[in-house]
Structures are given as C-alpha cells and as structure tokens.
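Take a look at the structure set out below.
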Amino acid sequence: MGKNSETLFERAKKVMPGGVNSPVRAFKSVGMTPRFIDKACGNKIYDIEGKEYLDYVGSWGPMILGHADPKVIAAVQKRVEKGLSFGACTELEVELAELICENIPHVEMIRMVNSGTEAVMSALRAARGYTKKNKIIKFEGCYHGHSDAMLVKAGSGAMTFGDPDSAGVTKGAAEDTLLARYNDLASVEALMKENKEDVACVIVEATAANMGVVPAAEGFLAGLRALCDKYGALLIFDEVITGFRLAFGGAAEYFGVTPDLVTYGKIIGGGMPVGAYGGRKEIMECVSPLGSVYQAGTLSGNPIAMTAGIETLKQLLADPGIYDRLNEMGAYLADGLRQSCGFTVNNIGSLACMFYTTEPVTDYESAQKSDTVRFSHVFSGLLDAGIYVAPSQYEAMFINSCFTRSELDYTIETYSKLINGVK
Ligand code: KE4
C-alpha cells in the first residue's frame with residue numbers, strides 16, 4: 001500500500017507522543033489526520049501523496065520569502081560542504097549578529113540560541129539577573145514558548161487544548177508569573193502596584209498572534225513603555241513572530257516603541273532552528289561568560305543555520321519594498337474575507353486571522369468567543385480545496401512574498417462558499 005498521511009500517522013503515533021514533534025501539528029482541535037508534507041516551493045506545499053496546497057502557515061512564520069528560496073538553498077548547499085557544526089566560533093555568527101545590530105538600533109548586542117522558547121527563557125533570566133527582581137508580567141493568551149514560567153494562560157497550542165496551565169509546571173516555577181489582560185494597561189499597573197518594586201519585566205507579543213491575531217491597540221505598547229519606566233521594570237518584546245515580518249525592525253519599528261530586550265525566532269533562521277535574544281548592551285553584558293547570567297547551547301550559532309538566516313535577512317534588507325507588498329496583501333486578504341464572510345477578521349501586516357464571531361476580538365476572553373466547531377468545518381473544506389491554514393483557531397495566517405492576487409482571490413472565494421454554504 002502506497003504511503004499516505006493516514007498510514008504514516010499510525011506509525012508516528014506508535015513512536016512519538018500524539019504522533020508529532022509539536023502538539024498543534026496533530027490536527028487534534030480539528031479532529032482530522034494531519035497531512036504529512038513531502039516538499040514545498042514558494043507558497044505551495046505538497047503532501048506525501050503529491051496534493052498541492054496554498055500554504056498560509058509557512059512553517060509558522062519563517063518562510064517569509066517562500067519555501068525553498070533559490071538563494072537560501074544555494075547558500076546552504078554550498079555551506080554544508082564545509083561541515084555541519086563545530087561547537088566553536090565562526091565568522092557566520094558574527095555576520096548575522098552584525099546584520100541585526102547594525103540595522104536595528106535597539107539591539108546593541110545579541111545572543112543566538114536554537115528556538116524561540118530558548119530565546120524567551122534566556123531573556124527572562126537576563127532580565128531577572130540584571131534587575132535583581134523576580135516577578136514577570138505576561139498577558140493571557142500570549143504564547144512565549146514552553147519554558148515553565150511562560151506556561152501560564154499561554155496561547156497557541158496551550159489555548160487550543162484548553163489546558164492553560166500545563167501539567168509538570170510546579171507552583172514554584174509559575175508563582176512569579178503575573179497575568180495581565182492584553183490591551184489593558186490598567187491591569188498591568190495594578191500588578192505593578194501590588195508587587196511594589198519586584199517586577200523584573202513585562203513580556204509581550206507586540207502583536208499577539210497566538211490567540212489568533214490580536215494587534216496591539218493604539219497606545220498600548222507606549223503605555224507599557226511608560227509603566228516599565230515608572231516602576232523600574234524592563235520591557236521585553238517577544239518578536240518571534242513579528243520580528244523581520246512587520247518591518248525589518250519588527251513591531252518595535254512598526255509601532256515606534258523601543259523595548260529593552262527583544263526575542264527572535266522563525267525568520268531569523270530562514271527555516272533552520274535559530275532563536276536569539278538581544279537588546280541594550282548594559283543588560284546583555286550580564287550574560288555569561290561576561291556576566292553572571294548563565295546560558296549556553298551546543299548548536300547555538302550553528303554555521304548552517306546562520307547561513308540560512310544571513311541569506312534570508314540579506315534579501316529582506318535588499319528589498320525594503322517587500323514589506324509594503326506583504327502588508328498590502330495582508331490587508332487585501334483581510335478585507336476580502338471580512339466583506340464576503342461577515343465575521344471578525346483581524347489583520348496587521350502580513351498576519352491575518354478570521355474569528356467565527358461578529359464581535360470585536362481584542363484579548364484572550366473575546367478570542368474565545370469564536371465558534372471553533374465552525375472553524376473546524378471550514379478548515380476541512382479549505383484543505384479539500386487545496387488551502388492549508390493553521391489547524392487551530394488560535395493561530396495566524398502568514399502571507400509570504402510569493403502569493404499572487406489571484407491566489408488571494410481564490411482563498412476569499414473558497415472561504416465565502418464554505419461559510420455561506422454551511423449557514
Ligand atoms: P519556538 O520554541 O516554537 O521556536 O518559539 C516559541 C514561540 C515564542 N514566542 C512566540 C510569539 C511564538 O509564536 C512562539 C512559537 N509559535 C508557535 C506558533 N504559534 C510555534 C508552532 C508550534 O508550537 O508548533
């Protein structure tokens with residue numbers, strides 16, 4: 001019998017928890033068998049049976065240039081001939097760090113790691129080490145990877161599976177994590193007043209994209225900046241999704257608000273495992289071996305991953321118009337879906353998300369008003385029509401630079417048929 005997603009998934013479930021290496025991929029919230037992907041090119045992915053899909057996941061954000069970008073592939077192919085990993089210093093990690101520090105003013109120094117989770121975990125440790133304070137403020141529905149302190153009312157998969165607090169996270173690991181409401185500055189100030197001067201930092205997705213897409217409201221980020229200055233806390237922008245996507249300088253550039261620290265992932269690696277954290281020099285200088293905040297990684301700064309990241313960021317820097325094009329496509333798709341389907345569609349830049357509610361969605365609570373059963377029906381119909389979106393309501397649609405207007409129109413028409421047809 002030929003290989004197909006069903007047989008592969010049965011094999012996978014025998015040897016990996018839930019048959020996957022990351023929960024959201026299991027298609028559990030839509031009650032379907034996940035598609036096993038064989039290859040991808042541009043904005044298309046192909047499953048193991050050769051079916052083609054328009055890809056609005058793009059590996060959850062990294063593939064802003066499209067899959068298998070020829071220049072990225074060529075650079076990686078050339079580099080692998082020199083060896084895969086040395087566990088030693090290389091010129092490539094310096095080049096990627098310089099590319100970022102020279103083009104993003106608020107990143108004076110940066111440390112490469114291997115995932116967004118590691119970037120966030122390390123940035124929080126640096127913030128606590130630098131400020132000598134303990135409490136962290138995060139926002140309900142925001143997801144910052146799976147380090148213990150962040151798995152409290154997290155978004156993304158945690159929200160999808162309805163277990164906002166993960167098993168295995170001890171009370172001690174979570175008790176210094178304080179929860180505020182997204183887009184609600186009063187909820188932040190209340191926590192800061194309650195915890196006196198013990199708040200090390202506020203960490204925020206500068207546009208939430210793990211409870212579906214929920215842009216920062218007017219003045220929200222500037223308000224966080226002011227509160228952090230008032231109470232002596234650091235402001236951390238988690239730009240794992242928004243970094244190099246909303247603008248080269250990410251949400252910080254897009255909104256014009258300067259964080260003290262920033263975390264990156266996804267696009268910085270061009271599809272290879274890379275995360276990073278960086279920011280003000282005086283803070284980053286507290287990181288080992290210079291300072292007392294320990295953090296390390298065998299494959300951090302891996303030469304192949306650095307190569308993919310360098311080539312990706314170089315193309316973004318060489319084509320600043322890409323952001324206008326991406327943002328225009330995002331707005332076009334969102335307007336088309338809004339007008340033809342009548343549901344709430346949030347959009348910022350090349351991120352979009354339809355919620356199956358007609359109410360505004362501005363935070364964790366309102367995001368949960370979406371009819372996820374309706375979501376599942378439409379998801380299944382989209383897949384049949386060759387359109388691959390995230391298998392969860394609480395994710396984003398990612399548009400990459402390879403999309404065409406006619407593909408966006410096809411997507412809008414398909415959504416409209418599925419929704420208007422299923423009324
Ligand atoms: P990773 O450890 O998955 O590289 O990054 C964690 C992370 C941190 N911060 C933000 C804002 C993120 O969105 C993420 C990870 N994003 C999810 C998608 N919502 C990754 C997909 C998955 O978990 O499989």
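Just so it is clear, the values below take in all heavy atoms, side chains as well, and ignore hydrogens, waters and symmetry mates. In listed order, ligands and their atoms are each counted from 1.
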Salt-bridge criterion met for K266 and E239 (N-O under 4.0 Å): no
Note, R181 side chain near F139 side chain (heavy atom, < 4.5 Å): no
Pairing residues for F27 by the ring-ring contact (aromatic ring centres under 6.0 Å, His included) criterion, not counting sequence neighbours: F379
Min N/O separation H144 to ligand 1 under 3.5 Å: no
For V240, atoms of ligand 1 separated by under 4.0 Å from a heavy atom: 7 (C), 8 (C), 9 (N), 10 (C), 12 (C), 14 (C)
Which segment of E395 sits under 4.0 Å of ligand 1 when only heavy atoms are counted: side chain
Close side-chain approach of L408 and F403, heavy atoms under 4.5 Å: yes
Distance filter under 4.0 Å to G145 heavy atoms, resulting ligand 1 atoms: 6 (C), 7 (C), 8 (C)
Close side-chain approach of M329 and E407, heavy atoms under 4.5 Å: no
Side chain, backbone, both or neither: T117 near ligand 1, heavy atoms under 4.0 Å: both
Residue E205 vicinity, atoms of ligand 1 by number, heavy atom under 4.0 Å: 11 (C)
Side-chain ion pair, K138 and E205, N-O less than 4.0 Å: no
For ligand 1, the portion of R25 having any non-hydrogen atom under 4.0 Å away: neither
Proximal ligand 1 atoms for S115, defined as those under 4.0 Å from one of its heavy atoms: 2 (O), 4 (O)
Enumerated ligand 1 atoms positioned under 4.0 Å from heavy atoms of I241: 13 (O)
From I136 atom CD1 to C201 atom SG, the distance as rounded to the nearest 0.5 Å: 5.0 Å
Under 4.0 Å to a heavy atom of V24 - the qualifying atoms of ligand 1, by number: 22 (C), 24 (O)
Partner residues of Y264 under the ring-ring contact (aromatic ring centres under 6.0 Å, His included) criterion, sequence neighbours left out: F244
For S22, the ligand 1 atoms whose distance to one of its heavy atoms is below 4.0 Å: 22 (C), 23 (O), 24 (O)
